[in-house]
Amino acid sequence: QVQLVESGGGSVQAGGSLTLSCEASSQTNRNNQMAWFRQTPGQEREGIAAISTSSGYTAYDDSVKGRFTISLGNAKNAVYLQMNSLRADDTAMYYCAAGYMFGPFTSLAISRYNYWGQGTQVTVSS
């Protein structure tokens, strides 16, 4: 069973930066995708960044492209999200996810992820 734990959330002023971390307590070869999602009350959970642990291919939602960077730890049992130029509309609960996808590419689709962390809150004030 894969267990994911997020950390690094908090409050920051617009234009600032935060780095989120997600560590997996256990891994399987089938779980070759890791991603970050975010959700606000009344909204669907939205994929914003994903990475293949085998190829390193990444995918970003247009709302964060150029501002956020997803990366893996050396052991590929951790995933990070470096968030720069934060805006008020980045405020959300951020979730780490792991799953499987065939091939070298990755996906932002929620249906491709089977394991989820508990979330970490990010609040951006303007």
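Note: hydrogens, waters and symmetry copies are ignored here, and every other heavy atom, side chains too, is used.
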Residue pairs passing the ring-ring contact (aromatic ring centres under 6.0 Å, His included) test where at least one lies in residues 42-73, sequence neighbours excluded | Y57-F105
Has the side chain of T91 got a donor or acceptor atom that lies under 3.5 Å from a matching backbone atom of T123?
-> no
Residues which pass side chain to side chain contact (heavy atoms under 4.5 Å, CB included) with S125, listed by chain and number, not counting sequence neighbours = Q13
In short, V64 meets I48 closest at the heavy-atom pair CG2-O, 3.3 Å
Q33 versus Y100: any side-chain heavy-atom pair under 4.5 Å?
-> no
Please report the shortest heavy-atom distance between A50 and T106, naming the atom on each side.
-> CB-OG1, 3.4 Å
If you look only at pairs with a residue in residues 74-126, which of them pass as a disulfide (SG to SG under 2.5 Å), with sequence neighbours excluded?
-> C22-C96
Just jot down the side chain to side chain donor-acceptor pair (under 3.5 Å) partners of R38, sequence neighbours excluded, or say none.
-> S63, D90, Y94
Minimum heavy-atom distance between A49 and L81, given as atom pair plus value | CB-CD1, 3.9 Å
Residues two or more places apart in sequence or in another chain: which of them pass salt bridge (charged side-chain N to carboxylate O under 4.0 Å, His left out) with D61?
-> none
Can you name the residues that form a ring-ring contact (aromatic ring centres under 6.0 Å, His included) with Y113, not counting sequence neighbours?
-> F37
In terms of heavy-atom contacts, A92 and T40 come closest through CB-CG2, 3.7 Å
Got a sec, which residues hit side chain to side chain donor-acceptor pair (under 3.5 Å) with S107, two or more places apart in sequence or on another chain?
-> none
Got a sec, which residues hit salt bridge (charged side-chain N to carboxylate O under 4.0 Å, His left out) with R45, two or more places apart in sequence or on another chain?
-> none
By side chain to side chain donor-acceptor pair (under 3.5 Å), S17 pairs with (sequence neighbours left out) N84
S52 side chain to S55 backbone, donor-acceptor under 3.5 Å = yes
Step through the shown structure and confirm whether more than 12 heavy atoms of other residues, nucleotides or ligands are within 6.0 Å of CD on Q121.
-> yes
Can you name the side chain to side chain contact (heavy atoms under 4.5 Å, CB included) partners of T19, sequence neighbours left out?
-> Q82
Between M34 and L4, the two heavy atoms sitting closest are CE-CD2, 4.1 Å
Tracing side-chain contacts under 4.5 Å among Ile, Leu, Val, Met, Phe, Trp and Tyr outward from Y80 reaches none
Contacts of A88 that satisfy side chain to side chain contact (heavy atoms under 4.5 Å, CB included) - sequence neighbours left out | S126
